[in-house]
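Starting from 1, each residue takes its place in the sequence as its number. One-based numbering, in listed order, for ligands and for the atoms of each.
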Amino acid sequence: MFQSAVAPRARKRSRPAEAGVSRCNEVKFEDVRVFLVERKMGRSRRSFLTQLATSKGFIVENVLSDKVTHVVSEDSQAASLWKWLRECAPADPPGVHVLDISWFTDSMREGKPVAVETRHLIQDAVATPPEGSKPASMATVSQYACQRRTTTENSNKKITDAFEVLAENYEFNEMDGSCLAFRRAASVLKSLPMAVRSLRETQDLPCLGEHTKAVMEEVLRCGRSFEVEKLLSDERYQTFKLFTSVFGVGPKTADKWYRGGLRSFSEVLADRSIHLNQMQQIGFLHYGDISGVVSKAEARSLRNIIDEAARATTPAAKVALTGGFCREKEFGHDVDFIVTTPELGGEETLLPKIIDELKKQGMLLYCDYHPSTFDINKLPSPKFEAMDHYAKCFLILRLEGSRVEGGLHIAEGDNRGWRAVRVDLVSPPVDRYAFALLGWSGSRQFERDLRRFARAKRGMLLDNHALYDKNKKEFLAASTEKDIFAHLGLEYIEPWQRNA
Ligand code: DCT
Ligand code: MG
């Protein structure tokens with residue numbers, strides 16, 4: 001921890017004002033304490049930058065204490081800087097950002113502390129190797145997915161696939177704890193830049209329990225897990241998997257049908273005691289299309305379609321692709337969009353207008369529209385709810401092959417020239433946009449850990465509507481995703497690095 005003072009004669013003081021920095025500046029960012037490294041910067045430039053920062057409401061510490069959250073240096077020689085920092089603080093600083101001057105200048109320009117991005121970091125060659133390379137030790141992996149960078153590349157697919165089958169089966173059996181344990185373990189392995197070769201290598205990794213390790217060991221040793229193989233040929237698992245692949249059928253319905261003795265679609269459809277709701281009827285009608293995956297090219301085409309439909313009725317409308325495709329996944333089960341308008345309130349009529357437009361174009365095969373139940377006075381919500389309160393619609397659209405670059409992602413020999421695709425549209429008010437975008441960008445595990453981190457590490461409540469600081473008893477405003485990461489004191493993780 002940074003405990004020792006830089007200048008031996010300087011006594012440890014808590015506030016820059018007390019430590020010789022102008023007192024008349026109002027402190028705007030209580031949680032951020034900057035330390036400017038004088039080496040290479042020089043005394044007069046350091047003094048100038050200190051005044052600049054305090055005039056903008058920043059706290060600049062004169063002493064390198066464990067209160068410091070952001071160490072800023074103009075020393076481009078990472079090795080010598082880190083050597084010097086280690087001499088000042090022999091133990092590794094927990095959570096302190098060591099940054100080059102670009103973070104400082106960005107923050108001055110914006111008049112607020114900007115979120116820390118990879119480009120700002122001065123990497124420690126010993127403890128933190130450059131981005132994209134292998135960590136020197138797996139011990140550095142955080143238990144929180146929001147502190148890991150996870151791309152779509154997965155070096156441990158064999159193991160994580162096995163974990164996901166087991167997690168899914170626990171979900172079918174409503175064993176939430178075990179399900180989460182396997183999902184967390186899979187998420188940790190997905191973040192590793194290299195394949196695990198032996199159990200010993202994983203001893204310092206978080207979120208791996210006895211059961212997960214036993215499965216992993218089997219996969220490492222035999223190339224497969226016998227528990228998973230047994231499950232894959234288990235009648236109950238197979239039937240649940242089949243039934244829940246229908247749009248509108250969850251584990252509860254699958255369980256009811258299974259307990260009623262049903263094992264196949266033809267048995268379900270022939271059973272007169274079963275009443276399929278509208279969603280399930282449409283699910284069976286378009287089963288071949290919507291149980292398959294949607295390609296990136298199809299998602300891109302849908303983005304243009306939604307964009308045109310939104311602008312045709314509301315020229316200033318803003319459309320953002322979110323969900324798996326904003327994380328650069330090649331395939332998804334649906335395509336998710338956030339739509340809004342620049343003026344507050346404009347979003348209220350936006351979805352019905354877009355839906356009408358899609359209908360006019362003959363694209364609307366199914367629409368389940370939920371008007372907004374968002375009430376700012378009911379925030380913060382003490383308990384996270386699975387669904388947010390914004391207006392949204394779950395759609396099935398008819399996508400013409402002629403609109404997709406490279407053609408539709410359907411079976412060869414299917415000559416219809418179109419396919420059905422699942423599309424979700426959500427429309428938050430513009431002042432909630434960043435929270436909605438972050439909440440829908442996923443992955444589920446990333447979102448879960450962002451909320452868990454906010455609560456456990458920062459005493460804050462985060463959901464798709466707002467970020468609330470429980471200690472200060474106030475809401476923290478954000479107009480971009482980066483603002484939210486900055487409030488949480490987290491390094492910014494790009495959407496394509498959120499595939500936890
Ligand atoms: N989400 C969440 N919690 C839920 C449901 C959704 O945090 N209970 C977020 C995470 C992902 C995003 O909403 C969109 O959901 P999906 O479309 O189900 O996930 P996806 O990541 O887009 O995956 P896919 O590619 O399969 O659509
Ligand atoms: Mg999706």
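- In terms of polar-atom proximity, Asp334 is counted as a contact of ligand 1, with an N or O under 3.5 Å from an N or O of the ligand.
- The protein non-hydrogen atom at the shortest distance from atom 12 (C) of ligand 1 is Trp440 O, 3.1 Å.
- Side-chain polar atoms of Ser381 and Asp463 form no donor-acceptor pair below 3.5 angstrom.
- Between His286 and Tyr366, the distance from one ring center to the other does not fall under 6.0 angstrom.
- For an aromatic pair to be called close, the ring centres must be under 6.0 Å apart, and Phe265 with Phe284 satisfies this.
- Protein heavy atom closest to atom 2 (C) of ligand 1, with residue, atom name and distance, is Arg444 CG, 4.0 Å.
- The shortest contact between atom 10 (C) of ligand 1 and any protein heavy atom is with Gly442 CA, 3.5 Å.
- For atom 7 (O) of ligand 1, the closest heavy atom belonging to the protein is Glu447 CG, 3.5 Å.
- Close to ligand 1: Arg327, with a non-hydrogen atom less than 4.0 angstrom away.
- Taking atom 23 (O) of ligand 1 as the reference point, the nearest protein heavy-atom neighbour is Lys329 NZ, 3.7 Å.
- Residues Asn464 and His389 have side chains that never bring a donor and an acceptor to within less than 3.5 angstrom of each other.
- Regarding atom 22 (O) of ligand 1, its nearest protein heavy-atom neighbour is Gly324 N, 2.8 Å.
- In summary, the aromatic rings of His370 and Tyr390 are positioned with their centroids too far apart to meet the 6.0 Å limit.
- Looking only at protein heavy atoms, the nearest one to atom 9 (C) of ligand 1 is Gly439 O, 3.4 Å.
- When only modelled atom types and interatomic distance are considered, Asn304 and Ser301 share no side-chain donor-acceptor pair under 3.5 Å.
- Using modelled atom types and a 3.5 Å distance limit, the side chains of Asp388 and Trp440 yield a donor-acceptor pair.
- Rounded to 10 degrees, the OD1-metal-OD2 angle spanning Asp334 and Asp336 at the Mg ion (ligand 2) equals 100°.
- Judged purely by distance below 3.5 Å, without hydrogens or angles, the side chains of Ser443 and Arg327 never pair a donor atom with an acceptor atom.
- Atom 26 (O) of ligand 1 has its closest protein heavy atom at His333 ND1, 2.9 Å.
- For ligand 1, the atoms sitting less than 4.0 Å from at least one non-hydrogen atom of Gly323 are 22 (O), numbered in the order shown with element in parentheses.
- Counting heavy atoms under 4.0 Å from ligand 1, residue Asp336 touches it through the side chain alone.
- Under a 3.5 Å cut-off, the side chain of Gln147 and the backbone N or O of Tyr144 do not form any donor-acceptor pair.
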